[in-house]
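Working notes, beginning with the structure itself.
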Amino acid sequence: MSGLLAGKRLLVTGVITDASIAFSVARLAQENGAQVVLTGYGRLSLVERIAKRLPEPAPVIELDVTNRDHLAGLGDQVREHVDGLDGIVHSIGFAPQSCLGGGFLDAPWEDVATAVHVSTYSYQALATAALPLMAPGSSVVGLTFDATKAWPVYDWMGVAKAGLESASRYLALHLGPKGIRSNLVAAGPLRTVAAKSIPGFEQFEDAWSARAPLGWNLTDSEPAARACLALLSDWFPATTGEIVHVDGGYHAIGA
Ligand SMILES: NC(=O)c1ccc[n+]([C@@H]2O[C@H](COP(=O)([O-])OP(=O)(O)OC[C@H]3O[C@@H](n4cnc5c(N)ncnc54)[C@H](O)[C@@H]3O)[C@@H](O)[C@H]2O)c1
């Protein structure tokens, strides 16, 4: 087996369509020598159908990342396909509609709690559920949307992402002694199911199209996926708690 991830065994969450960032990660990972196990949420038969479009059809494990039983059984389910894990990709985000599109001042706590449970706490929950399968040298990678700023329409999802960015640093702190890294990729806007559920998302699209110094393709998730592969590989052995921007350079430019 050759390639950047030759021989690595990966658990990839977050595939729902072939536009999902996670789908690009899974495809590129397989093309680069990795063995991939997917998790699917909700419409499992749809995820299984999408999984067949990968270069190698990948097994799909059901995982609602807020479900304690699913998390408790994850290790056994993964072991049915691989004998351990060298990497995990957290590509999961969700917020109820009240939390998005300008609803910051009105969103009820129950909805905010859901957003934080699915999009923030789940990073720790997934990593700890899979921890018994991981050895020193393993890598956990998640996806964020630059949470250092307040964005129009992103609202409580932005708060959840700020929490995710902090959670990744704490995971780096607590898993570092075990030789396990935690890093995030801050992607620019991409037209996925999650993005389309954000009312006013086109504001991001317009801003990026106008200002990203490298330009930005709203339908190409491969650059973000490539960064995930790099962070899963052995080429960032001393990097953890980091956020790599894959946004055409947008974050570096003033208005
Ligand atoms: N699309 C963008 O513009 C963009 C930009 C930066 C970061 N991100 C982040 O990338 C990640 C992947 O999103 P995407 O854009 O590929 O969209 P997507 O809709 O393809 O993926 C989101 C995934 O989250 C999963 N999910 C939701 N609730 C879940 C739960 N309870 N348990 C398990 N899985 C659950 C969905 O099934 C779906 O597969 C998310 O964290 C998102 O916030 C997206």
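Only a predicted model underlies this, so the values are computations on that prediction, with no experimental measurement involved. We count ligands from 1, going down the list as the structure has it; atoms in each ligand are counted the same way.
Contact between Ala212 and Asp247 at its shortest, heavy atoms only, is CB-O, 3.9 Å.
The CG atom of Leu28 sits 10.0 Å away from atom CZ of Phe23, with the distance rounded to the nearest 0.5 Å. Residue Ser20 holds its OG atom at 10.5 Å from CG of Leu190, rounded to the nearest 0.5 Å.
Arg27 and Asp18 are not joined by a salt bridge, as no carboxylate oxygen comes within less than 4.0 angstrom of a charged side-chain nitrogen. For the pair Arg191 and Glu205, the salt-bridge criterion is met [side-chain N within less than 4.0 Å of a carboxylate O].
The immediate protein surroundings of ligand 1, defined as residues with any heavy atom under 4.0 Å of it, consist of Gly14, Val15, Ile16, Ser20, Ile21, Tyr41, Leu63, Asp64, Val65, Ser91, Ile92, Gly93, Val118, Leu143, Thr144, Phe145, Lys161, Ala187, Gly188, Pro189, Leu190, Thr192, Val193, Ala194, Ala195, Phe201.
Judged as a ring-ring contact (aromatic ring centres under 6.0 Å, His included), the pairs with a partner in residues 59-105 (not counting sequence neighbours) are, in order, His90-Tyr123, Phe104-Trp156.
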